[in-house]
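By convention in this document, chain letters (A, B, ...) are assigned in the order of the sequence lines, proteins followed by strands, and residues within each chain are numbered from 1.
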Number of protein chains: 2
Amino acid sequence: MDGYDKYAFEPFAVTVDLAVFTVQRGGLRVLLVERGQEPYAGRWALPGGFVRPAESAETAARRELAEETGLADVSGLHLEQLRTYSEPDRDPRMRVVSVAFTALLPDPPEPRGGGDAAQARWLPYGGREALAGHGPLAGHGPLAFDHDRILADARERVGAKLEYTCLATSFCSPEFTLGELQQVYETVWGTELDRPNFRRKVLATPGFVEPVPGAARLTGGRGKPAALYRAGGATALHPPLLRPALPSQSQEGQNP
Amino acid sequence: MDGYDKYAFEPFAVTVDLAVFTVQRGGLRVLLVERGQEPYAGRWALPGGFVRPAESAETAARRELAEETGLADVSGLHLEQLRTYSEPDRDPRMRVVSVAFTALLPDPPEPRGGGDAAQARWLPYGGREALAGHGPLAGHGPLAFDHDRILADARERVGAKLEYTCLATSFCSPEFTLGELQQVYETVWGTELDRPNFRRKVLATPGFVEPVPGAARLTGGRGKPAALYRAGGATALHPPLLRPALPSQSQEGQNP
DNA sequence: CCCCTTAATGGTCAGTCAGACTATAAAGAT
DNA sequence: ATCTTTATAGTCTGACTGACCATTAAGGGG
């Protein structure tokens, strides 16, 4: 950071890219826009835009989130910096450094198409379609630029943070059932969890969820009505709720 | 990312800042440079510099790491992106977006002063001096720009990653004793760990460490000589090695 | 040379927690 | 009325953790 006048430096364009996730009908969905122009015309991409002169990347990301989702109030939504992507050739036109963010929405609104005739949609990401061999975006990929990688990084980060934070409640409405909360974990992790055990763990963690005092119950379909809970005051999970270790993962070296 | 020609965008300067940690004599140290020019002349700052036109931020960070430490080969060192700091007023001269990195060194070389008469030093960070009330940098703070915050974020990130990755071996020489490895945990976390339990946990994790086959032993001082180990092939810790939860942390909400 | 200190290593034991599983309750569907 | 579905309650076992105690192998000091 020393000696600006001694070293040459090139100006960069700085953008933000958003990986906005939601859990809907048991599947993970991500907000994508269809590009109307070259490069990558017709390909899907993460929503995003330039950081303005008086903005931080965080401010720009929240502004873009409001614009792209059409939500009036995005102040309560979870928005978190993922990392910055700066490969010199990631945009063929010019040098663009992009700060990527991850956002989580409980109930996704119908997205409005962007200004330039590009449509925006919630596309399923991962899940059953991926297992059928069409890739994580089920035929809508690959994305423009390096957005496939950004999206994969974002999903991995969200999955990891579910383990040791209370982030899962950000995917849920203000009042939710434990079944809905469990669906969030199962959807993001792509695994199934034992319901009684999940319940025991969540309720045993102080501040994770708190019961809605009105003893209100509600159900959408069959079965016994479920009790409603709100997010508690805690943000971290100690000890964490670990996802089941896949047999072929995370321990490549073995001790004899 | 759509329509570059439709929206105004400002060029930014993009820099990298490095939080380079090492564990020495039982204390955590960080590489800092003393600024020779305004702004913040005479204050200490994180090493860093501009990203060049053909570089990614990662490439620039590794180049800066080599330059600042004077090490011939930094290819094996741990270098990881922390996050990007982009507040509009973080540099009083111009709009600078900085991508911060965290690096870990086993045995720190004597740093060479930067080109512009600025000296570089390993300063103790946190530890006993901090408890004496002089702040985490024991009288050398506050740092220039927003580097205090970057440094705090970096330390927290390193501490968190020790829990669920094998990162701690990056602080150690190629061959190390379990006592040295434990010192890394204790130094970064600022807590004491039970030696037999730590040993049991480390050895029970496949791929974390592997014994040096030559049954080589080595000691610096008194006591029984310790067996030497190398880093194993694993990168993740499943289940994690959790730092002892401080009584006043992480669970502000309590369920009745 | 003997004893003390230091540090590494080996082991025990009880409490806690996670995974697997069974059982009961309360709703809609047929 | 009975079945299906979902929520909730509880049990049991093995694994893991934290708190210990014991032993081994070095150096230092009398």
Side-chain angles (χ1 to χ4, degrees), chain A residues 25-26 162-164 172 175-187 189 191-206 208-212 215-229 237-247 250-251 255, chain B residues 25-26 162-164 172 175-187 189 191-206 208-212 215-229 236-247 251 255:
Chain A
R25 290 196 294 276
L162 287 191
E163 292 191 317
Y164 54 95
C172 297
E175 300 189 345
F176 52 87
T177 69
L178 293 186
E180 291 164 359
L181 189 66
Q182 182 176 347
Q183 274 249 328
V184 170
Y185 277 90
E186 293 180 334
T187 300
W189 286 350
T191 61
E192 299 224 332
L193 300 175
D194 181 82
R195 196 182 286 269
N197 290 343
F198 178 82
R199 173 189 193 75
R200 186 217 299 156
K201 171 69 182 177
V202 169
L203 294 180
T205 303
F208 192 178
V209 301
E210 53 185 28
V212 173
R217 287 159 178 265
L218 175 146
T219 179
R222 294 182 284 214
K224 182 175 176 178
L228 288 179
Y229 293 85
L237 252 51
H238 269 292
L241 205 161
L242 299 177
R243 52 187 146 180
L246 303 179
S250 84
Q251 289 169 352
N255 255 352
Chain B
R25 290 197 293 276
L162 288 191
E163 293 191 317
Y164 54 94
C172 297
E175 300 189 346
F176 51 87
T177 68
L178 293 187
E180 291 164 0
L181 189 66
Q182 182 176 348
Q183 274 249 328
V184 170
Y185 276 91
E186 292 180 335
T187 300
W189 286 351
T191 62
E192 299 223 332
L193 300 175
D194 181 82
R195 196 182 285 269
N197 290 342
F198 178 82
R199 171 187 195 76
R200 186 218 299 155
K201 172 69 181 176
V202 169
L203 293 180
T205 302
F208 192 177
V209 301
E210 54 184 28
V212 174
R217 285 156 181 266
L218 176 147
T219 178
R222 295 183 283 216
K224 183 175 176 177
L228 287 179
Y229 293 85
L237 253 51
H238 268 293
L241 204 160
L242 299 177
R243 53 186 144 180
L246 302 177
Q251 291 168 353
N255 255 350

Residue set satisfying side-chain contact (heavy atoms from CB on, under 4.5 Å) with Tyr164(A), at least two apart, ordered chain then number -> Lys161(A), Pro240(A), Tyr164(B)

Leu241(A) atom CG is separated from dC17(C) atom P, nearest whole Å, by 13 Å

Figure out the NE2/C1' separation between His238(A) and dT16(C), and round it to whole Å. 17 Å

For Gln183(B), which residues count as a side chain to side chain donor-acceptor pair (under 3.5 Å) partner, sequence neighbours excluded? none

Taken to the nearest whole Å, CG/Leu181(B) to C1'/dA8(C) is 14 Å

Pairwise distance CG(Leu203(A)) to CD(Glu210(A)) - rounded to 0.5 angstrom: 12.0 Å

Let me have a per-nucleotide readout for nucleotides 4-11 of chain D, 5' to 3', with B, S or -, counting only protein heavy atoms under 4.0 Å. -BBBBBBB

To the nearest 0.5 Å, how far apart are CG in Leu193(A) and CZ in Arg243(A)? 11.5 Å

May I have the distance from Arg243(B) (atom CZ) to dT17(D) (atom C1'), rounded to whole angstrom? 18 Å

Taking only residues two or more places apart in sequence, or in another chain, which ones meet Tyr185(A) in a ring pair (Phe, Tyr, Trp, His ring centres under 6.0 Å)? Trp189(A), Phe198(A)

What residues form a side chain to side chain donor-acceptor pair (under 3.5 Å) with Asn197(A), not counting sequence neighbours? Asp194(A), Arg200(A)

Return no unless some side-chain N or O of Lys201(B) is found under 4.0 Å from OP1 or OP2 of dT17(D). yes

For the pair made of CG in Leu242(A) and P in dA18(C), what is the distance, rounded to whole Å? 8 Å

